[in-house]
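Just below is one structure, and these are the notes that go with it.
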2 protein chains.
Amino acid sequence: MPDTITQSIQDYLKHIYELNEHGGSASTNDIAIRLNIAPASVTGMLQKLASATPPLVIYKKHQGVTLTKNGEKAALEVIRHHRLLETFLVTTLGYSWDEVHREADKLEHVISEDFEARMAEALGHPTRDPHGELIPTADLVMPVDESCPLASLRTDETATVRRVSDDDPALLRHLREIGVVPEVKIVVKSYSEFDGNLTLQVEGQKSNVVLGTAVTSQVFVDK
Amino acid sequence: MPDTITQSIQDYLKHIYELNEHGGSASTNDIAIRLNIAPASVTGMLQKLASATPPLVIYKKHQGVTLTKNGEKAALEVIRHHRLLETFLVTTLGYSWDEVHREADKLEHVISEDFEARMAEALGHPTRDPHGELIPTADLVMPVDESCPLASLRTDETATVRRVSDDDPALLRHLREIGVVPEVKIVVKSYSEFDGNLTLQVEGQKSNVVLGTAVTSQVFVDK
DNA sequence: AATAAAATTTAGGCTAGACTAAATTTTACA
DNA sequence: TGTAAAATTTAGTCTAGCCTAAATTTTATT
């Protein structure tokens, strides 16, 4: 492991992990935006992470970074903390799913391994957090996610909501209101070529709902 | 309030508060020992805290520091966090009373006011933590503590254990074993002039126990 | 009261992790 | 394929909070 993995480094690794999940390598700019710091600051840190012993990222000038095995383990540790904490806060302290993110973002860096283990135990070793996101296992393996964006469905397709993006509290409140939450079944009644709107029938809801891509791109389903 | 109250500053204030409780002002050295840093570093921080706007401590060269009203409020906020967290960890995650201190020391700096309020609510607004220490109220008032050291009792006196010092896990485990925990009644069967040993009859325990001052000075009772 | 020991402060330095401004490289597009 | 825009890196600063060594003040002891 590197000299020490600070809270700041944990944040870098977590966001690089998430960026790596989508497009291959994480760009300086994207990292800077997510961490809300100047791009120049990111460059400095990436160089440091790349030359740590052992290296936490693979970095080539002007080409962004990828996590090494070590970097990924450290990232998954933080992500596991985060998602267990979100679950814990909801079930134990009655937080709603749009309130947990900020709190977990701070706590994830300071809880002990013992705390992590006790939470997992108390929660019955959950595999998903309140937003349906997969929780890395205790030995730091991220389960495979099969889900696809709701936006990719077309008329008459049916699916089960699996997870929703957790970083916009307002969106989360809206989704809760219209019943679009994990494990709920939906049917696509129609699709609009022009704006990408989907008209959905949501399990347990009396009337259909029309959602734009700003929403449907943030909701993931299993067909 | 000062520019920002960092985690480091919170730690200073917390320890100064505790030192102020005993002897009047907190000395540079005592603070350095508690924080495990060099005395010279403490001097620097004290000067900074004294010239913050508003000042958090009153500092006179070579004479230690006292908290201002603002400094005390900030200290009590941290102490309230700490003691609520200890209680929460014990009741919710099954921690034992000798394990909670370290965890609470990290968490106390990062939880939100919302988290604090939810814990207090979930725990039924407790007034003491698992070690019997008083929890500052939500409006940051420290309740008055009437208890006196067990070491000050003499033969035939009876008392109720109110609280025990929480910073030595080994001592805590020992006290738990011999049944010396908050709310338990004890009777002093004998006192030794020479070594200060007390022979105690502890409520709920079959045989008496002999305790030295290293222990009896850390246990506080109400007569 | 002199002086040694202990406590404290001053002075100067270091590291982590951020910043801005300027230079450079890459990308996009006419 | 040349050039402008965007992205990235370099260079130089800054702050917080710690450090050591040396100087000073206080306290304790003879």
Side-chain angles (χ1 to χ4, degrees), chain A residues 1-16 19-20 22-53 55-66 71 74-75 78 105-106 109-110, chain B residues 1-16 19-20 22-53 55-66 71 74-75 78 105-106 109-110:
Chain A
M1 40 240 82
D3 315 315
T4 58
I5 296 189
T6 63
Q7 291 197 14
S8 177
I9 291 177
Q10 288 181 358
D11 271 331
Y12 274 92
L13 297 176
K14 179 176 73 164
H15 288 290
I16 293 168
L19 288 166
N20 280 175
H22 301 286
S25 79
S27 76
T28 302
N29 238 352
D30 288 350
I31 298 169
I33 289 166
R34 277 174 167 255
L35 293 175
N36 199 30
I37 60 182
S41 307
V42 173
T43 300
M45 181 61 96
L46 296 185
Q47 291 168 341
K48 178 176 160 184
L49 296 180
S51 53
T53 46
L56 296 172
V57 302
I58 293 160
Y59 169 64
K60 284 231 184 93
K61 264 191 202 176
H62 298 280
Q63 294 177 218
V65 284
T66 319
V78 180
D105 261 350
K106 293 179 298 175
H109 304 296
V110 302
Chain B
M1 42 235 81
D3 315 315
T4 57
I5 295 189
T6 64
Q7 292 196 14
S8 175
I9 291 177
Q10 288 180 359
D11 271 332
Y12 275 90
L13 296 177
K14 179 175 75 165
H15 287 291
I16 293 169
L19 288 166
N20 279 175
H22 301 285
S25 78
S27 77
T28 302
N29 238 354
D30 288 349
I31 297 169
I33 289 167
R34 277 176 168 255
L35 294 175
N36 200 29
I37 60 181
S41 307
V42 174
T43 300
M45 180 61 95
L46 296 185
Q47 290 168 341
K48 178 177 158 184
L49 297 179
S51 52
T53 48
L56 296 172
V57 303
I58 293 161
Y59 169 64
K60 284 230 184 92
K61 264 189 203 177
H62 298 279
Q63 295 178 216
V65 284
T66 319
V78 180
D105 262 350
K106 293 180 297 176
H109 304 296
V110 302

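Lettering follows sequence order; numbering is per chain, from 1.
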Starting from C1' on D:dG17, measure out to CG on B:Leu35 and report it in whole angstrom.
12 Å
Quick check on C:dA18: is either OP1 or OP2 less than 4.0 Å from any side-chain nitrogen or oxygen of A:Tyr12?
yes
B:Ser25 to B:Thr66 - nearest heavy-atom pair and separation
CB-OG1, 4.0 Å
Between D:dA16 atom C1' and B:Ile37 atom CD1, what is the distance in whole Å?
12 Å
With a 4.0 Å cutoff (strictly under), does any side-chain N or O of B:Tyr59 reach OP1 or OP2 of C:dT8?
no
Quick check for you: among C:dT8, C:dG17, D:dT9, whose closest atom lies nearest to any side-chain atom of A:Pro39?
D:dT9
Whole angstrom value for the distance that separates P of C:dG17 from CG of A:Leu13
11 Å
Taking the side chain as C-beta and beyond, is there a heavy-atom pair between A:Ile31 and A:Leu46 under 4.5 Å?
yes
For B:Ile33 and C:dT8, give me the distance from atom CD1 to atom P, rounded to whole Å.
9 Å
d(CG, A:Leu46; C1', C:dA18) in whole Å:
14 Å
When you check the phosphate oxygens OP1 and OP2 of C:dT8, does a side-chain N or O of B:Asn29 lie under 4.0 Å from one of them?
yes
Does C:dA7 have its OP1 or OP2 closer than 4.0 Å to a side-chain nitrogen or oxygen of B:Gln63?
no
Run through A:Leu49, A:Val78, A:Val65 and flag the one making a side chain to side chain contact (heavy atoms under 4.5 Å, CB included) with A:Leu13.
A:Leu49
Of the candidates D:dT9, D:dG17, C:dG17, the side chain of B:Lys48 sits closest to D:dG17
Using atom CG of A:Leu49 as one end and atom P of D:dT9 as the other, report the distance to the nearest whole Å.
13 Å
Rounded to whole Å, please give me the gap between CD1 in B:Ile31 and C1' in D:dC18.
16 Å
How would you label the contact of A:Ser8 with the nucleic acid (heavy atoms, under 4.0 Å): base, sugar-phosphate, or nothing?
sugar-phosphate
Does a side-chain N or O from B:Thr43 land closer than 4.0 Å to OP1 or OP2 of C:dT10, or not?
no
Nucleotide of D:dG17, C:dC19, D:dT10 approaching B:Met45 most closely (side-chain heavy atoms):
D:dG17
Heavy atoms of B:Ala50 and B:Pro55 approach each other most closely as O-CB, 3.4 Å
Contact summary for B:Thr28 and B:Pro39, nearest pair of heavy atoms:
CG2-O, 3.5 Å
Please classify the nucleic acid contact of B:Ser41 as base, sugar-phosphate, or nothing, using heavy-atom distances under 4.0 Å.
base
For D:dT24, does OP1 or OP2 lie under 4.0 Å from any side-chain N or O of B:Lys61?
no
Presence of B:Gln7 side-chain N/O under 4.0 Å of D:dG17 phosphate oxygens OP1/OP2
no
For the side chain to side chain contact (heavy atoms under 4.5 Å, CB included) test, which of A:Arg34, A:Lys48, A:Met45 pairs with A:Tyr12?
A:Met45
Starting at NZ of A:Lys60 and ending at P of C:dT25, how long is that distance when rounded to a whole Å?
17 Å
Select from A:His62 and A:Asn36 the residue whose nearest nucleotide in DNA chain C is closer to the 5' end of that strand.
A:Asn36
Side-chain N,O (A:Thr6) to OP1/OP2 (C:dG17) below 4.0 Å
yes
